Enquirer: 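Can you read through this structure? Questions will come right after.
Computation of the quantities below employed the complete heavy-atom set of this structure, encompassing side-chain atoms and omitting hydrogens, waters and symmetry-equivalent molecules. Predicted model, so just to flag it, every value in this text is computed and none were measured.
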Amino acid sequence: DDGAGSVPYAAFADGGRKVVFVVETQGDTNPNHLVDLPQAQTYVVDFISGNTTKLGDFAAAALTEDGSGVLYTLPGGPGKASASLYARPLSGGPAKRLFSVKQGSLAEFVWGGPNGTTLAFSNDRGDHGFIGTWCPGTKALRWVSPGVDSDVQPTWSPDGRKLAWVRARVAKRTVGYGPFDGNQGNRGPDFAIMVGENSEADAKEVFLDTEFGMQTFGFGNRRLAWVGQDGLIFSTEAKSRWAHTVLLNTTTSAVKELRPGQCEDAEHFVSGSGVYLVGNCQNIDSLGVERVDLDTGAVEVVVNGTNDFVVGGMSDGGYGLVAVGDAFAYLGSTDSEPTAVFVLQGGKTEQITPEATLPRGFMTRPKPVSFRSPDGHTTLHAQLFLPRNRSTDGAPGVVYTHGGSERQTYAAFHYSTVYAAQYAVNQWLAAQGMAVLSVNYKSGTGYGHDFRVCPGCMAFGAAEYLDVRAAGEWLKAQTGASAVGIWGGSYGGLNAEQACARDSELFGACVAISPIFNWVTTSRYVTDTGKSTFDSDLQPRFPDQFNSLNTGPEPHLANDKWLMRAQAMRALRWASSPAAFVENLTSPMLVIHGDADEEVDFAETVGCMRSSREFGRDNIKLKVYPDEAHEGATYEHQVEIAQLVGDFLSQHLSSVEFAKQVVV
């Protein structure tokens with residue numbers, strides 16, 4: 001169903017005889033311009049009968065305690081409720097409202113308790129949030145150790161007698177509305193691990209990190225999980241400045257890294273007496289799987305991560321690997337094969353999904369390369385796509401930068417659908433005779449805390465752009481070209497606009513997809529760049545939470561120095577933006593944007609075009625997709641965007657010899 005978007009939830013039910021799944025569009029989009037606007041839909045498949053039944057126009061979030069139905073939320077409810085939880089049987093019977101809340105939203109439903117019949121959930125209320133519990137048949141909810149912070153990720157101990165959760169706190173250096181907003185660069189909020197039993201009075205803090213922040217970045221599943229009755233695993237940089245899965249003893253508060261080293265764990269999965277880790281400890285430019293024995297601490301390599309094979313993680317919930325008995329299933333991709341499902345059992349590995357039907361004749365094997373960052377001490381890692389049977393000499397050069405910016409690219413297909421598609425575009429550009437350099441610049445993941453939370457990066461100085469420019473200079477020296485091109489989406493689109501605005505002599509053509517243009521204005525919108533609290537912009541942004549309409553700075557910021565601080569922050573954000581250099585933007589640039597973008601508001605591209613018109617220029621070309629999402633929801637649009645990227649760069653960079661040399 002082209003344009004359906006994604007499957008954000010799926011679960012086996014009825015002893016594995018059925019599967020429940022949700023199909024929904026990306027954000028508030030309608031890229032196919034349907035008369036009947038698309039809605040989230042929940043289906044159940046019966047493996048015995050082969051029948052697929054639509055349960056309704058809602059997004060299931062969990063199963064009922066006995067697995068006979070699904071739970072889902074809807075806004076509103078009786079008594080001016082803000083959100084309500086409903087249950088609907090898999091048999092398709094009528095829905096039943098279970099409870100409502102007066103403020104905020106409902107999420108993260110987990111059954112547990114001594115009898116397995118107590119439902120824990122999180123209730124986000126904007127600048128704070130609670131963990132609640134509910135038992136069927138009772139007339140009241142119970143709030144567990146409520147406070148002024150945001151409580152998330154509830155998880156029950158195996159015996160159901162303890163409840164653990166993460167308490168996210170606004171850091172002292174943060175100016176955000178809530179703990180997940182407005183952090184310095186890619187640093188997560190301060191956080192604590194909380195554990196409670198049957199009464200809120202005995203809830204205690206068993207871990208606290210106020211230096212490195214919660215691991216909310218990048219892809220992978222790093223959720224809090226129990227190991228036995230007294231152990232918890234989660235990810236933190238607090239032990240070594242590298243993101244590692246640690247084992248926390250909830251009785252003594254002792255913390256131990258399961259797999260130390262100058263590398264990062266992207267995902268963890270508990271199975272029996274071991275923990276499986278997806279990470280780059282075998283190869284910092286790839287991902288593999290290791291198993292840590294919880295009894296002995298021994299580390300076993302399960303799947304090798306190499307330059308041309310990358311184990312996949314998951315970007316939204318779920319896991320990229322799962323172990324059942326002696327069978328181990330995982331996602332993996334190569335330099336010529338997109339993500340597939342593999343099963344390892346009895347020492348034998350089998351790919352259980354069909355091979356992709358790709359025209360491999362034109363594909364090249366990307367070469368891992370590295371060079372020094374302008375900061376003088378950081379090594380930058382990149383992948384060089386060369387035209388088949390050619391050197392870089394004389395080839396038009398193109399720099400590609402990923403989005404995020406909390407991402408890492410590899411010399412193989414990425415497990416994220418959008419980055420897999422962009423990897424394929426890089427292959428196609430190389431097939432046209434171009435040398436493409438995909439660079440992992442500072443503020444990305446995979447290379448430690450200091451690389452990701454770099455001083456003066458992002459809206460606080462744009463220092464990561466110096467790495468992008470260094471990549472352009474390195475590639476220009478390799479190819480001998482007079483100028484190179486650049487392309488990317490989201491944060492990569494921001495980098496493309498930075499390149500054309502700051503260094504038009506170096507970058508002769510730029511393609512920016514869904515780009516940020518001005519760090520001052522982008523803070524007004526509910527995106528991963530944070531919610532505005534008047535820290536850098538005097539125009540209010542109206543939160544969508546109950547009782548959270550901010551009409552000025554938050555109380556802890558509303559002092560006699562606030563206005564001076566806001567003006568200084570606004571000046572810094574402006575100077576970190578392409579908008580501040582638009583007068584120098586003389587190279588040809590193509591901007592591609594969907595006007596229903598749920599991550600970067602379309603107003604950013606409106607502002608870019610209006611600013612360029614003030615200088616009477618026509619060097620910026622525009623492609624707008626009405627009602628389209630941030631990453632392009634339909635396959636038709638994805639293919640067209642790839643064609644636009646290739647045609648534009650080829651037109652403005654390629655010599656006559658290479659311009660028409662398309663290999664299929």
Side-chain angles (χ1 to χ4, degrees), residues 362-374 380-402 409 411 422-441 464-489 492-493 495-513 578 581 584-591 619-621 642-663:
F362 79 87
M363 300 185 75
T364 185
R365 174 165 288 185
K367 177 184 178 182
V369 297
S370 61
F371 49 92
R372 186 68 69 180
S373 166
L380 300 176
H381 297 249
Q383 305 87 44
L384 181 61
F385 297 71
L386 293 176
R388 287 174 67 89
N389 304 318
R390 286 196 57 87
S391 69
T392 54
D393 293 340
V398 175
V399 173
Y400 163 79
T401 66
H402 58 71
T409 56
Q422 292 177 3
Y423 172 91
V425 173
N426 287 335
Q427 286 278 4
W428 182 59
L429 294 176
Q432 294 187 76
M434 302 183 193
V436 182
L437 184 68
S438 172
V439 61
N440 286 315
Y441 53 94
E464 78 285 359
Y465 170 69
L466 300 180
D467 294 346
V468 176
R469 184 171 65 191
E473 293 170 339
W474 184 91
L475 186 58
K476 179 183 176 183
Q478 296 292 314
T479 61
S482 59
V484 297
I486 184 171
W487 83 282
N495 287 333
E497 288 195 349
Q498 295 273 40
C500 257
R502 293 171 183 255
D503 292 292
S504 275
E505 290 187 3
L506 173 61
F507 293 98
C510 309
V511 180
I513 305 171
F581 301 89
N584 303 320
L585 202 164
T586 57
S587 291
M589 185 168 78
L590 171 64
V591 179
N619 59 307
I620 301 180
K621 305 304 179 185
Q643 186 74 50
L644 289 169
V645 171
D647 289 349
F648 189 84
L649 293 174
S650 180
Q651 174 189 354
H652 293 285
L653 295 175
S654 297
S655 65
V656 175
E657 178 184 356
F658 296 125
K660 303 298 182 182
Q661 191 181 42
V662 180
V663 182

Enquirer: Hey, does the side chain of Ser373 reach the backbone of Leu380 with a donor-acceptor pair shorter than 3.5 angstrom?
Expert: no

Enquirer: Applying side-chain hydrogen bond (donor to acceptor under 3.5 Å, both in side chains) between Trp487 and each of Asn495, Thr401, Asn426, report the one that passes.
Expert: Asn426

Enquirer: Can you name the nearest heavy-atom pair linking Lys476 to Ala481, along with the distance?
Expert: CG-O, 3.2 Å

Enquirer: Would you check if Phe371 and Leu475 make a side-chain contact, meaning some heavy-atom pair closer than 4.5 Å?
Expert: no

Enquirer: Ignoring hydrogens, what is the shortest heavy-atom contact between Gln432 and Gly646? Give both atom names and the distance.
Expert: NE2-CA, 3.9 Å

Enquirer: Can you see which heavy atom on Ala411 is nearest to which on Pro368, and at what distance?
Expert: CB-CG, 4.5 Å

Enquirer: Of the non-hydrogen atoms in Asn619 and Leu585, which two are nearest, and what is the gap between them?
Expert: ND2-O, 3.2 Å

Enquirer: How long is the straight-line distance from CD of Glu464 back to CD of Gln498, given to the nearest 0.5 Å?
Expert: 7.0 Å

Enquirer: Does Arg388 reach the main-chain N or O of Met363 with its side chain, forming a donor-acceptor pair under 3.5 Å?
Expert: yes

Enquirer: Let me confirm one number: the OG1-CD distance from Thr409 to Gln422, rounded to the nearest 0.5 Å.
Expert: 10.0 Å

Enquirer: Taking only residues two or more places apart in sequence or in another chain, which ones pass ring-ring contact (aromatic ring centres under 6.0 Å, His included) with Tyr465?
Expert: none

Enquirer: I want to check something: taking the side chain as every heavy atom from C-beta on, are Val439 and Asp467 in contact at a cut-off of under 4.5 Å?
Expert: no

Enquirer: When rounded to the nearest 0.5 angstrom, what is the spacing between CZ in Phe385 and CH2 in Trp428?
Expert: 14.5 Å

Enquirer: Where is the tightest heavy-atom contact between Ala509 and Ser587, given as atom of each residue plus distance?
Expert: N-CB, 4.5 Å

Enquirer: Just how far is it from atom CD of Glu473 to atom CG of Asp503, taken to the nearest 0.5 Å?
Expert: 7.5 Å

Enquirer: Are side-chain heavy atoms of Gln427 and Thr364 found at a separation under 4.5 Å?
Expert: yes

Enquirer: Please walk me through it: do Trp474 and Val399 pass side-chain contact (heavy atoms from CB on, under 4.5 Å)?
Expert: CA-CA 10 Å; Trp474 184 91; Val399 173; over 6 Å; no

Enquirer: Is the backbone of Leu466 close enough, under 3.5 Å, to the side chain of Tyr441 for a donor and an acceptor to pair up by distance?
Expert: no

Enquirer: Less than 4.5 Å apart, side chain to side chain, heavy atoms only: is that true for Leu437 and Val369?
Expert: yes

Enquirer: Could you state the interatomic distance from CD1 (Ile620) to SG (Cys500), rounded to the nearest 0.5 Å?
Expert: 8.0 Å

Enquirer: Can you measure from CG (Leu386) to CE (Met434) and round to the nearest 0.5 angstrom?
Expert: 14.0 Å

Enquirer: Check whether any side-chain heavy atom of Tyr423 sits under 4.5 Å from a side-chain heavy atom of Ser438, and report yes or no.
Expert: no

Enquirer: Quick one: ring-ring contact (aromatic ring centres under 6.0 Å, His included) partners of Phe507, sequence neighbours excluded?
Expert: none

Enquirer: Work out which heavy atom in Leu653 is nearest to a heavy atom in Val484; give both atom names and the distance.
Expert: CD2-C, 3.9 Å

